[in-house]
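Data block below; observations after.
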There are 2 protein chains.
Amino acid sequence: MRPSPRLRKTKQRYVILEELCKVTCHPSADELYNMVRRKLPRISMGTVYRNLDLLARDGVIQRLEISGTQKRFDGNASNHYHMRCLRCGKVADAHMKKVIPMEDVIKEVTDFEIVGYRLEFIGLCPQCRRKKSGCHEKTSTG
Amino acid sequence: MRPSPRLRKTKQRYVILEELCKVTCHPSADELYNMVRRKLPRISMGTVYRNLDLLARDGVIQRLEISGTQKRFDGNASNHYHMRCLRCGKVADAHMKKVIPMEDVIKEVTDFEIVGYRLEFIGLCPQCRRKKSGCHEKTSTG
DNA sequence: TTTGCTGCAAATCCTTTGCAGAGGT
DNA sequence: ACCTCTGCAAAGGATTTGCAGCAAA
């Protein structure tokens with residue numbers, strides 16, 4: 001396990017990370033729990049969730065969805081880019097001068113039949129940048 | 001409201017769509033519910049959720065997060081691309097020949113301080129392509 | 001008239017949390 | 001010894017669903 005400041009090396013944490021890194025299927029907490037349980041039968045879901053959270057905050061792993069608990073909706077159904085604030089969770093449209101040549105890339109993508117995409121930039125919104133302090137918020141990216 | 005086959009024109013649906021299209025803040029179901037309630041005080045959360053789902057399936061609006069209910073985790077914390085299957089929900093890494101020059105674009109992005117991004121392609125995985133029938137699954141993109 | 005839609009309330013499902021004891025440093 | 005981490009179980013919160021009546025088409 002990559003050494004991390006502050007985080008202790010526990011058996012549970014080690015196995016969770018090991019199992020997660022072993023696969024490329026991007027499991028849910030629940031699926032990972034079942035994988036880990038084969039090695040540590042007495043581990044609890046709470047431990048899995050807590051570690052996933054700590055590891056993501058620490059930048060060792062990442063959550064695929066950065067959102068909080070609720071989903072957000074957009075009245076504009078066409079493909080465009082979003083910016084999500086790490087700290088306050090706000091999402092804004094990204095108005096960028098240069099447009100990413102996504103269509104070129106999509107054609108080269110593997111065996112999936114692509115119907116669309118989501119591109120989300122993660123960072124700090126202007127308001128949160130200003131009050132940028134050392135403390136971290138609930139949200140984590142990975 | 002854009003005419004859609006099969007969907008009836010109800011007052012509730014109309015106001016939900018109208019309120020959603022009025023803003024660019026990408027509200028959650030809950031936030032939208034409060035917006036709509038100012039016009040239709042007796043509307044219920046269930047109606048909001050059901051309509052959001054129908055409208056997203058119909059392609060009139062989009063959900064920002066395409067995932068199902070559970071979040072997924074990735075042992076690889078560096079920025080890379082994902083492919084999510086609309087039908088079965090599986091997520092795979094996108095191994096593409098051409099890499100998108102994201103860094104160039106990020107510099108031009110508005111007032112956010114960017115720390116990373118998520119790029120997710122949406123489509124049908126090889127397995128689901130094969131058994132591609134007329135029926136639609138639970139998952140919807142928008 | 002037919003069949004989809006709504007409000008209400010209960011149910012479900014994922015995730016988080018409090019607590020007391022165990023374990024890493 | 002100190003303080004984080006764990007297992008367990010309960011709590012919390014978002015979303016879904018069953019149902020009976022209502023309303024588009």
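Within every chain, numbering begins at 1; the chains are lettered A, B, ... in the order of the sequence lines, protein sequences first and strands thereafter. The structure presented is a predicted model; accordingly, all values stated were derived computationally and were not measured.
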B:Arg13 vs D:dA24: side-chain N/O to OP1/OP2 distance below 4.0 Å: no
Euclidean distance, atom CG of residue A:Leu54 to atom P of C:dT17 [Å, nearest integer]: 12 Å
Separation of atom OH in A:Tyr49 from atom P in D:dG12, rounded to whole Å: 18 Å
Separation of atom NZ in A:Lys71 from atom C1' in C:dC14, rounded to whole Å: 12 Å
Nearest-nucleotide pick for B:Ser44, side chain only, options being C:dC5, D:dC8, C:dC8: C:dC8
A:Asp53 side chain to A:Tyr49 backbone, donor-acceptor under 3.5 Å: no
Sugar-phosphate, base or nothing in reach of A:Lys11, heavy atoms under 4.0 Å: nothing
Euclidean distance, atom CD of residue A:Glu31 to atom P of C:dT15 [Å, nearest integer]: 11 Å
Nucleotide D:dC2, atom P - distance to CZ of A:Arg6 in whole Å: 18 Å
SB check B:Arg84 B:Glu120 (cutoff 4.0 Å): yes
Distance test, side-chain N/O of A:Thr10 to OP1/OP2 of D:dT6, below 4.0 Å: yes
A:Gln12 side chain near A:Val36 side chain, heavy-atom distance below 4.5 Å: no
hbond_proxy A:Arg50 side chain to D:dC5 base (donor-acceptor, 3.5 Å cutoff): no
Touch class at under 4.0 angstrom, heavy-atom based, for A:Asn51 against every strand present: sugar-phosphate
Given C:dC14, D:dT6, C:dC8, the nucleotide with the shortest approach to the side chain of B:Gln70: C:dC14
Interatomic distance where CG belongs to A:Asp53 and C1' belongs to C:dC14 [whole Å]: 14 Å
DNA chain C: 5'-proximal contact among B:Gly46 and B:Thr69 (nearest heavy atom): B:Gly46
Close side-chain approach of A:Leu124 and B:Val115, heavy atoms under 4.5 Å: no
Out of C:dT6, D:dA25, D:dA14, whichever nucleotide has its closest atom nearest the side chain of B:Arg8: D:dA25
Of B:Phe73 and B:Arg42, the one whose closest DNA chain C nucleotide lies more 5': B:Arg42
Interatomic distance where CD1 belongs to A:Ile43 and C1' belongs to C:dG23 [whole Å]: 14 Å
Check ion pair A:Glu18-A:Lys39 (N to O, under 4.0 angstrom): yes
Short side-chain N/O contact to D:dG7 OP1/OP2 from A:Thr47, under 4.0 Å: yes
Distance below 4.0 Å between B:Gln12 side-chain N/O and C:dG7 OP1 or OP2: yes
Protein-nucleotide distance (A:Leu52, atom CG; C:dT15, atom P), rounded to Å: 9 Å
